Amino acid sequence: MKVLNKSFFERDTAEVAKDLIGKILVRRFGKKLASGRIVETEAYYGEKDPASRAHGRKKFRAKWKECGKTFIYMVHGNWLLNITAHEKGKVGAVLIRALEPLKGIELMRKNRGTSEILDLTNGPGKLTQALRIDKSLNEKSVTSKQSEIFIADGIKLKISSSHRIGVKKDLRRKLRFFAVDNPFVSRKS
DNA sequence: AGGAAGATCTACT
DNA sequence: GTAGATCTTCCTA
């Protein structure tokens with residue numbers, strides 16, 4: 001299993017978001033691993049993006065400086081998982097919106113309290129529940145196999161794009177990317 | 001103290 | 001498929 005290195009994340013945020021489709025998100029529990037294929041992402045920019053957490057907030061902009069790190073925060077009672085990714089001198093992060101469960105499915109079932117596989121990780125708040133991701137994993141590097149959370153190379157999937165979901169003030173650009181015809185994508189269009 | 005935030009679940013038409 | 005309650009942390013007053 002090949003782990004993505006830091007340079008992968010040091011590119012334009014939307015490019016990284018698109019390229020993350022088909023990659024494998026791995027969660028380490030000591031020696032045990034749980035994993036899922038990334039099938040849906042969204043790109044968030046900094047000051048020019050009104051929907052971004054970094055918008056108008058110096059504190060976050062400073063934290064986003066380094067690429068390839070987790071950025072986790074709570075919205076409506078759900079933890080959402082982002083990975084910082086941007087070109088040098090810019091600001092941006094990629095939100096992981098949905099996974100296709102690969103390993104550790106039993107564990108995910110337990111964490112989610114449902115046996116329905118399609119319902120385990122088909123949403124940003126759901127996948128963090130399934131993989132037990134919360135604030136304690138904030139600002140961890142995802143570029144090392146030893147990390148509690150990291151991203152490995154995967155396969156190429158057919159990708160489509162759309163506008164972001166749930167944001168009040170979206171940009172004109174389409175910044176959501178998802179795998180075509182994958183049942184784990186949270187929404188069709 | 002109050003409200004907003006990248007959502008989810010349930011209960012209906 | 002839509003509508004409403006509820007979820008928990010952080011930011012602003």
Side-chain angles (χ1 to χ4, degrees), chain A residues 9 12-21 23 25 27 36-64 67-86 90-101 108-140 142 149 151 159-179 182-189:
Chain A
F9 299 97
D12 179 70
T13 309
E15 286 295 309
V16 176
K18 192 165 57 171
D19 287 350
L20 276 175
I21 303 290
K23 300 287 189 282
L25 178 75
R27 172 78 164 97
R37 192 183 325 283
I38 299 170
V39 296
E40 186 180 350
T41 61
E42 281 176 10
Y44 285 84
Y45 287 94
E47 45 256 83
K48 273 186 263 170
D49 187 348
S52 170
R53 289 266 139 157
H55 179 68
R57 283 178 250 215
K58 258 195 197 150
K59 191 178 147 194
F60 285 118
R61 283 208 286 273
K63 288 200 170 162
W64 286 18
C67 297
K69 288 198 154 193
T70 57
F71 173 59
I72 298 167
Y73 59 91
M74 169 77 67
V75 172
H76 293 80
N78 301 284
W79 292 109
L80 305 197
L81 172 66
N82 297 248
I83 313 289
T84 53
H86 50 80
K90 299 204 176 172
V91 183
V94 177
L95 167 69
I96 311 293
R97 284 193 57 89
L99 300 176
E100 174 184 339
M108 296 188 203
R109 280 204 173 113
K110 232 169 93 190
N111 288 343
R112 289 273 301 127
T114 175
S115 59
E116 178 53 67
I117 297 212
L118 282 171
D119 203 35
L120 290 178
T121 54
N122 64 329
K126 295 184 184 179
L127 69 92
T128 53
Q129 267 184 43
L131 296 177
R132 259 195 252 150
I133 292 168
D134 61 23
K135 197 84 195 287
S136 67
L137 292 180
N138 199 15
E139 291 179 66
K140 301 264 187 204
V142 297
I149 182 164
I151 296 177
I159 297 168
S160 183
S161 66
S162 79
H163 287 287
R164 295 179 296 187
I165 290 178
V167 314
K168 293 253 170 77
K169 297 179 181 175
D170 205 354
L171 299 174
R172 213 187 260 166
R173 261 177 89 186
K174 291 186 175 173
L175 290 172
R176 170 172 174 256
F177 305 94
F178 58 95
N182 187 296
F184 296 94
V185 172
S186 65
R187 313 236 303 232
K188 292 271 153 89
S189 60

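It should be emphasised that the depicted structure is a prediction, and the values quoted were computed from it without experimental measurement. Quick note on labels: first sequence line is chain A, next is B, and so on, each numbered from 1.
Between the P atom of dA4(B) and the OH atom of Y73(A) lies a distance of 18 Å, rounded to the nearest Å. Separating the CG atom of L120(A) from the P atom of dT8(B) is a distance of 13 Å, rounded to the nearest angstrom. One interatomic measurement links the two molecules: CG of L80(A) to C1' of dT8(B), which rounds to 11 Å at whole-angstrom precision. Distance K168(A) NZ to dA4(B) C1': 7 Å, rounded to the nearest Å. In this structure, R53(A) places its CZ atom 11 Å from P of dT12(C), rounding to the nearest Å. Atom NZ in K174(A) sits roughly 21 Å away from atom P in dG6(B) (whole-Å rounding). In this structure, I96(A) atom CD1 and dG6(B) atom C1' are separated by 12 Å, rounded to whole Å. Rounded to a whole Å, the CD1 atom of I72(A) is 17 Å from the P atom of dG6(B).
Residues Y73(A) and L80(A) meet the side-chain proximity criterion, which asks for heavy atoms closer than 4.5 Å.
The salt bridge (Lys or Arg N to Asp or Glu O under 4.0 Å) analysis of residues 70-85 of chain A, with sequence neighbours excluded, yields no pairs.
Within the 3.5 Å criterion, the main-chain N or O of W64(A) finds a donor-acceptor partner in the side chain of H86(A).
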Q: Sugar-phosphate means primed atoms, P, OP1 and OP2; the rest is base. With that split, encode nucleotides 2-9 of chain C 5' to 3' as B, S or - using protein heavy atoms under 4.0 Å.
A: -----BBS

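With sequence neighbours excluded, the residues forming a side chain to side chain contact (heavy atoms under 4.5 Å, CB included) with D12(A) are A14(A), E15(A), Y45(A), E87(A), R173(A), listed by chain and number. Applying the side-chain hydrogen bond (donor to acceptor under 3.5 Å, both in side chains) criterion to K140(A), with sequence neighbours excluded, gives E148(A). Under the rule for a side-chain hydrogen bond (donor to acceptor under 3.5 Å, both in side chains), the partners of N122(A) that lie at least two apart in sequence or sit in another chain are K126(A). In this structure T128(A) satisfies the side chain to side chain contact (heavy atoms under 4.5 Å, CB included) test together with W79(A), L81(A), I133(A), sequence neighbours excluded. With sequence neighbours excluded, the residues forming a side-chain hydrogen bond (donor to acceptor under 3.5 Å, both in side chains) with E100(A) are N182(A), listed by chain and number. In this structure, the side chain to side chain contact (heavy atoms under 4.5 Å, CB included) partners of A17(A), at least two apart in sequence or on a different chain, are T41(A), A43(A), V94(A), F177(A). Remark: S115(A) engages R109(A) in a side chain to side chain contact (heavy atoms under 4.5 Å, CB included) (not counting sequence neighbours). Scored by the side-chain hydrogen bond (donor to acceptor under 3.5 Å, both in side chains) test, D170(A) finds R164(A) as partners (sequence neighbours excluded).
Under the 90° criterion around 0 for the glycosidic angle, dG6(B) counts as syn.
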Q: Give DNA chain C the dot-bracket treatment, 5' to 3': Watson-Crick (N1-N3 with N6-O4 or O6-N4) or G-U (N1-O2, O6-N3) under 3.5 Å, [ ] crossing, | other strand.
A: ||||||.|||||.

Hey, what are the protein-to-nucleotides 9-13 of chain B N/O distances that come in under 3.5 Å?
residue, atom, partner, partner atom, Å
dC9(B), OP1, R112(A), NH1, 3.2
dC9(B), OP1, R112(A), NH2, 3.2

